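Just so you know, ligand 1 is whichever comes first in the structure, and atom 1 is the first atom listed for that ligand. Since we're looking at a predicted model, the values are computed, not measured.
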Amino acid sequence: MSNGPKSGNALFDLSGRTALVTGANTGLGQAVAVALAEAGAGIVAVGRSAMTETAALVAGAGVPFHEIRADLSRMDAVPAVMEQAAATGSRIDILVNNAGIIRRADAIDFTEADWDDVMNVNLKTTFFLTQAVGRAMIADGLGGKIINIASLLSFQGGIRIPSYTASKSGLAGLTRLLACEWAGKGINVNAIAPGYFDTNNTEALRADPKRNTDILARIPAGHWGQPKELGGAAVFLASAASDYVHGIVLPVDGGWLAR
Ligand code: NAD
């Protein structure tokens with residue numbers, strides 16, 4: 001028998017693992033939760049609103065599902081989420097920081113409220129939730145996987161979204177910092193940078209015929225990303241297949257950054 005690589009299934013198998021996914025009620029968070037569930041992981045879904053659809057999709061995969069309601073714009077959500085996650089009786093093996101918001105206005109008109117609201121959800125609570133989960137992973141020594149949902153705005157400037165670009169560029173930096181601090185403790189911290197996906201987040205762009213045409217013309221794959229197309233990257237970064245991958249921001253963008 002060779003000591004070669006495990007079979008594909010074993011490498012990507014998440015059976016017996018539990019993933020906490022923020023903002024799992026819709027869009028990319030829902031698609032990631034379903035992909036992880038289909039790979040075998042139980043799901044703890046955290047969000048502001050009902051998760052009925054996600055619960056049904058995850059149940060279809062035959063894994064446990066728990067829902068935690070929390071407003072991640074507030075710091076007091078962090079201890080509340082950790083307490084409720086502990087009450088499920090499952091260890092958090094995988095954390096997906098997906099919840100995020102965007103506000104659009106020209107930089108010259110941008111308000112403090114649109115700055116603070118976006119930074120609080122996309123960066124501040126994300127960091128402190130990751131700190132809490134990281135502490136637990138380090139305390140029991142069993143390691144884990146942390147996946148931040150970054151953006152093309154982690155690499156590019158964009159227009160009319162100053163706080164969003166600052167938050168997603170910051171998240172790429174945090175991904176690298178946490179990887180440097182925690183890689184030696186068996187925790188993989190990485191990010192996924194979705195390109196232009198068909199979700200609520202991009203509704204305003206798709207509704208603007210000129211922006212829609214311009215964006216589509218620049219995507220080599222020729223179509224807006226469908227949320228399902230993000231699942232494989234999440235399973236990869238959540239699984240043993242990525243055990244030596246630390247601190248990357250993996251674009252899943254139909255080739256946008258290759259242009
Ligand atoms: P979406 O608006 O459908 O989903 C955002 C999710 O975050 C929702 O589940 C929402 O409930 C949750 N959320 C927002 N504020 C919250 C709060 N205060 N408390 C709890 N939950 C909160 O959009 P999406 O496209 O699915 O976005 C998911 C992530 O992907 C975001 O971080 C977004 O920035 C990122 N992203 C999206 C795209 C895209 O093209 N759609 C591209 C790059 C990055």
Original post:
In order of chain and number, which residues sit within 4.0 Å of ligand 1 by heavy atom?
Top reply: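 For ligand 1, the contacting residues are G23, N25, T26, G27, L28, R48, A70, D71, L72, S73, N98, A99, G100, I101, V121, I149, A150, S151, Y164, K168, P194, G195, Y196, F197, T199, N200, N201, T202.
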Subject >> Identified side-chain hydrogen bond (donor to acceptor under 3.5 Å, both in side chains) partner of W224 from the options T199, D198, T202, N212 >> reply: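 That would be N212; it is the only one of T199, D198, T202, N212 passing the side-chain hydrogen bond (donor to acceptor under 3.5 Å, both in side chains) with W224.
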Original post:
Taking Q30 as the fixed residue, which of N25, N98, T54 is the one that meets the side-chain hydrogen bond (donor to acceptor under 3.5 Å, both in side chains) rule?
Top reply: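 Testing Q30 for a side-chain hydrogen bond (donor to acceptor under 3.5 Å, both in side chains) against N25, N98, T54 leaves exactly one candidate, T54.
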Original post:
Where the side chain of N190 meets the backbone of G247, is there a donor-acceptor pair that is under 3.5 Å apart?
Top reply: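 Between the backbone of G247 and the side chain of N190 there is a qualifying donor-acceptor contact (under 3.5 Å).
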Original post:
With a cut-off of 6.0 Å (strictly less than), are more than 12 heavy atoms of other residues, nucleotides or ligands near CD of E53?
Top reply: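 No, not enclosed.
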**OP:** Applying side-chain contact (heavy atoms from CB on, under 4.5 Å), name anything that partners R69, two or more places apart in sequence or on another chain.
**Re:**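 By the side-chain contact (heavy atoms from CB on, under 4.5 Å) rule, R69 matches A50, E67.
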Subject >> Residues R218, D214; criterion salt bridge (Lys or Arg N to Asp or Glu O under 4.0 Å); working and verdict >> reply: CA-CA 7 Å; R218 197 193 181 285; D214 289 352; over 6 Å; no
